[in-house]
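Labels below follow one simple rule: chain letters A, B, ... track the order of the sequence lines, proteins then strands, and each chain is numbered from 1.
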Amino acid sequence: MKMSRLLNETLREAPSATEVAGHQLLLRAGFVRQVAAGVFSYLHLGQRTLQKIEAIMRQEMDALGGQEIKMPLVHPAALWQASGRWYEIDAELGRLVDRNGRSLTLALSHEETLADLARQEIHSYRQLPQLAYHIQTKWRDDPRPRAGLVRSREFTMLDSYSLDADEAGLDGQYQAHYDAYFRIFARCGLPVLAVQADVGIMGGTLAHEFMYLTPIGEDTLLLCDGCGYRANRQVATFHKPESQQGTQTVQFVAELVVGEEKRERVVTAVLSQNFQINETKLGHVLNAQRLRPTAEQATDLWLVDDGLTGWSGQVDKVADIAAAQEGDTCTNCGQPLRTARAVEVANIFKLGTRYSGTMGATFVNAQDEARPIVMGSYGIGVTRLLACLAEHHRDEAGLVWPVRVAPYPVHLLALRGGEETAESLYQQLLQAGVDVLYDDRDERPGVKFNDAGLIGLPLRLTVSQRSLVMGGVEVQVRAGGETAVAPVATLVTYVTSWLASAR
RNA sequence: CGGGGCGUAGCUCAGCUUGGUAGAGCGCUCGGUUUGGGUCCGAGAGGUCGUCGGUUCGAAUCCGGCCGCCCCGACCA
């Protein structure tokens, strides 16, 4: 690709309404442009990077025996009414009405659509297990998009769905995804941790999240260096000391959804003064869709933390409703827990029969009995992964792409006196199957060098009068910066062998 | 949805306090210059000052509504 033909230009300064470094670089280097809050266009370089990431994902999902499909962005509301999520999820679900007055939703995820497919196609245990995946657009009308692609409203996700006859089958597919996701992140060049997680709006019985540790993250993790315990704060447990000083009460209105009806109950939570309330845990105990703080209303339910001693007031229910904090004691090994901030780049859920049960996706087993299909769902935020890669792989000059996900592996710069040689090398590299970004623009050297640093392709080739006098082409590795001069005659071999060893 | 901030040329911003002919740098066009780290000189194009309304002889500037964007919180892949 010739840079003179690229639609976008690089930006000398970051747009003012941006704060996160990785996002600023994606904008400045011309990978993405913002269209609306949480909505982005992917320009050529961004799209190329996404394609590299997606190719790795397809390889790993195919290796699991997955079959690629594609489900729609627009769904009939009836599917979401059947699962109950039409009622459970509030404004985050995009709803629209077609010209005939039929209610539709925008895909927030695809459990319903896949369960609907399963109930049409799967009849017998002989057809199981199954694994289907797709890479598709999601719309979640997030109340607060932020940090560019880290938290957007429209985003791309790799999501896969497993169908099994029993729990043992689900366990196997869940574990297979757990392992495959680590391989995907390793190949993309993003370090991640897997932690125990809340099932959130997906429902089900067990979930893990894959976390990239970074201060720009919005999730808080609790980590134990003693035994390796790792959990999202939403579900993290900790050892509560025997003697606790004082009690506090916190009052909430819990919104419950029963079928199509919404109900509210006023709940007073009671816990030690030293603890913080964990609203995720509280919500689960109450089976509430939402909690909102309130004050001084007649309490319907008294909920007491299981670590509290010496509470003499009313008790309707006892449960763990306290949030683990930095320095709390690990339940497993007694060591102190530490906290870290992270971005959730993927999650995997054991759905069980959450969707197959409500939507009637059943099969007949060998005993001729109808059984709900046992499901799992698994997702990686592709565009969020792009954001995390930009955040992780950068320096003062710009982005520093790993070879495997770089939009192009090679950046060829033609400077004065090197134009003809550069043009020839460009053609030779293309013929050798090397994708090249070729800076053929009529710009000064400084502009080209700065843009090359900003875009951050792995290998920079500079051809100029000076380099030719020195013996050929200057080759610089973006990560690390070491330079060499390669003869023009053997440059293509030099580049292909470097790339082969770097992959 | 609560709190805060912002909206002036493609980008970054000044001008608003104290109302009176709309500015700078970068970018863009043309000419020259320079050519290995975002050259330099000259000429030029480009803006209904987010939008609607109000106050006023007169509004980018004061007042109000609305829209949009960002940050914090609630929330979230």
Side-chain angles (χ1 to χ4, degrees), chain A residues 8-20 23-24 27-28 30 33-39 89-93 107-110 137-159 197-202 207-212 216-219 232 234 252 279-280 283 289-293 342-349 377-385 387-388 397-398 413-419 439 441-454 460 462-470 474 476 483:
Chain A
N8 58 284
E9 50 190 10
T10 54
L11 306 179
R12 193 179 284 233
E13 293 162 290
S16 56
T18 60
E19 293 197 351
V20 173
H23 184 227
Q24 288 182 337
L27 288 165
R28 288 184 56 209
R33 291 291 181 258
Q34 181 163 343
V35 176
V39 180
I89 300 175
D90 195 18
E92 201 173 346
L93 180 63
L108 174 147
S109 79
H110 285 81
T137 303
K138 310 291 186 233
W139 172 262
R140 296 184 187 179
D141 197 354
D142 196 291
R144 183 154 125 69
R146 64 174 285 279
L149 300 181
V150 172
R151 187 172 165 186
S152 55
R153 293 192 295 171
E154 183 189 291
F155 57 97
T156 305
M157 177 177 272
L158 159 70
D159 41 325
D198 182 50
V199 295
I201 59 175
M202 297 305 159
H208 282 87
E209 293 168 338
F210 290 76
M211 294 290 194
Y212 165 58
I216 68 166
E218 296 186 87
D219 285 274
N232 193 307
Q234 293 175 329
F252 293 92
E279 292 190 27
T280 304
Q289 247 61 51
R290 279 172 60 92
L291 294 172
R292 51 172 211 270
V343 171
E344 178 185 348
V345 284
N347 50 27
I348 55 178
F349 300 92
S377 81
Y378 318 85
I380 302 182
V382 181
T383 44
R384 178 176 277 186
L385 173 54
C388 290
L413 311 193
L415 301 189
R416 192 173 62 102
E419 295 89 348
D439 195 343
R441 299 174 301 171
D442 180 21
E443 290 286 355
R444 291 176 55 81
V447 173
K448 295 191 176 189
F449 286 130
N450 275 295
D451 280 350
L454 192 55
R460 189 184 84 188
T462 307
V463 193
S464 66
Q465 189 170 34
R466 181 198 285 194
S467 77
L468 292 171
V469 167
M470 287 193 300
E474 183 193 279
Q476 183 169 58
T483 62

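- Residue A:D219 is out of contact with every strand shown, counting any heavy-atom pair closer than 4.0 Å.
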- Derivation of the side chain to side chain contact (heavy atoms under 4.5 Å, CB included) call for A:M157 and A:R384: CA-CA 9 Å; A:M157 177 177 272; A:R384 178 176 277 186; over 6 Å; no
- CA sep, side-chain torsions, deciding dist, call: A:E154, A:T383, side chain to side chain contact (heavy atoms under 4.5 Å, CB included): CA-CA 9 Å; A:E154 183 189 291; A:T383 44; over 6 Å; no
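- A salt bridge is absent between A:R140 and A:D142: the closest approach of a Lys/Arg side-chain nitrogen to an acidic carboxylate oxygen does not fall below 4.0 angstrom.
- B:G47 sits 13 Å from B:A22 when the P atoms are compared, rounded to a whole Å.
- Nucleotides B:C26 and B:G68 are separated by 26 Å at their C1' atoms, to the nearest Å.
- Heavy atoms of A:A91 sit nowhere under 4.0 angstrom from any nucleic acid atom.
- Screening A:T462, A:L415, A:L413, A:V447 against A:D439 for a side chain to side chain contact (heavy atoms under 4.5 Å, CB included) leaves a single residue, A:L413.
- The separation of B:A74 from B:A60, taken at their C1' atoms, amounts to 36 Å, rounded to a whole angstrom.
- Distance, A:D90 CG to B:A74 P: 18 Å, rounded to whole Å.
- Interatomic distance, A:R33 CZ to A:L27 CG, rounded to the nearest 0.5 Å: 6.5 Å.
- Rounding to whole angstrom units, CD of residue A:E92 and C1' of B:C75 are separated by 8 Å.
- Going from atom CD1 of A:I89 over to atom P of B:C75 covers 16 Å, rounded to whole Å.
- For A:P15, taking side-chain heavy atoms from C-beta onward, the closest of the listed nucleotides B:C76, B:G27, B:U12 is B:U12.
- For the pair A:E154 CD and B:C76 C1', the computed distance is 17 Å after rounding to whole Å.
- With A:R153 contributing its side chain and A:A37 its backbone, the two residues share a donor-acceptor pair below 3.5 Å.
- To the nearest whole angstrom, the two P atoms, one in B:A45 and one in B:G38, are 30 Å apart.
- Atom-to-atom, CZ of A:R28 to P of B:G38 comes out at 14 Å; the value is rounded to the nearest Å.
- To the nearest 0.5 Å, atom SG of residue A:C388 and atom CG of residue A:L149 are 9.5 Å apart.
- One donor-acceptor pair, N or O on each side, does fall under 3.5 Å between the base of B:C75 and the side chain of A:R151.
- Distance CD (A:E279) to C1' (B:C75): 10 Å, rounded to an integer number of Å.
- Put simply, CZ on A:F252 is 12 Å from P on B:A74, counting in whole angstrom units.
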Would you tabulate the pairs of protein nitrogen or oxygen atoms and nucleotide nitrogen or oxygen atoms of nucleotides 35-37 of chain B closer than 3.5 angstrom?
from  : atom 1 : to     : atom 2 : distance (Å)
B:U35 : O2'    : A:R416 : NE     : 2.4
B:G36 : O2'    : A:R466 : NH1    : 3.3
B:G36 : O2'    : A:R466 : NH2    : 2.6
B:G36 : N7     : A:S464 : OG     : 3.0
B:G36 : O6     : A:S464 : OG     : 2.4
B:G36 : O6     : A:S467 : N      : 3.3
B:G36 : N1     : A:E474 : OE1    : 3.2
B:G36 : N2     : A:E474 : OE1    : 2.7
B:G36 : N2     : A:E474 : OE2    : 3.2
B:G37 : O6     : A:R460 : NH2    : 3.3

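- The nearest heavy atom of RNA chain B to A:L454 and to A:E9 marks one nucleotide each, and the one closer to the 5' end goes with A:E9.
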Shorter than 3.5 Å, N or O on both sides, protein versus nucleotides 44-47 of chain B: list them out with atom names.
none

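- Between B:C75 and B:C13, the two C1' atoms lie 34 Å apart (nearest whole Å).
- For the residue pair A:T137 and A:A107, the shortest heavy atom distance occurs at O-CB, 4.2 Å.
- Across all strands shown, B:G2 forms a Watson-Crick or G-U wobble pair, both distances under 3.5 Å, with B:C72.
- Using a 4.5 Å heavy-atom threshold, the side chains of A:F210 and A:I348 count as touching.
- Rounding to the nearest 0.5 Å gives a distance of 7.0 Å between NE2 of A:H23 and OG1 of A:T18.
- Side-chain contact check for A:K138 versus A:D159: some heavy-atom pair is nearer than 4.5 Å.
- Distance noted for atom P between B:G65 and B:C1: 16 Å (whole Å).
- Taking atom CG on A:L149 and atom C1' on B:C76, their separation rounds to 16 Å, with Å as the unit.
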Would you tabulate the pairs of protein nitrogen or oxygen atoms and nucleotide nitrogen or oxygen atoms of nucleotides 69-71 of chain B closer than 3.5 angstrom?
from  : atom 1 : to    : atom 2 : distance (Å)
B:C69 : OP1    : A:A37 : N      : 2.8
B:C69 : O3'    : A:Q34 : NE2    : 3.3
B:C70 : OP1    : A:Q34 : NE2    : 3.0

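- B:C70 sits 41 Å from B:U34 when the C1' atoms are compared, rounded to a whole Å.
- Remark: B:G19 base-pairs with no nucleotide in the shown strands. Criterion, Watson-Crick or G-U wobble with two distances under 3.5 Å.
- Rounding to the nearest 0.5 Å gives a distance of 9.0 Å between CZ of A:R28 and CG of A:D451.
- Base pairing analysis places B:G25 opposite B:C11; the two distances defining the Watson-Crick or G-U wobble pair are each below 3.5 Å.
- To the nearest whole angstrom, the two P atoms, one in B:G53 and one in B:A59, are 13 Å apart.
- Residues A:W139 and A:V39 are in side-chain contact: their nearest non-hydrogen atoms beyond the backbone lie under 4.5 Å apart.
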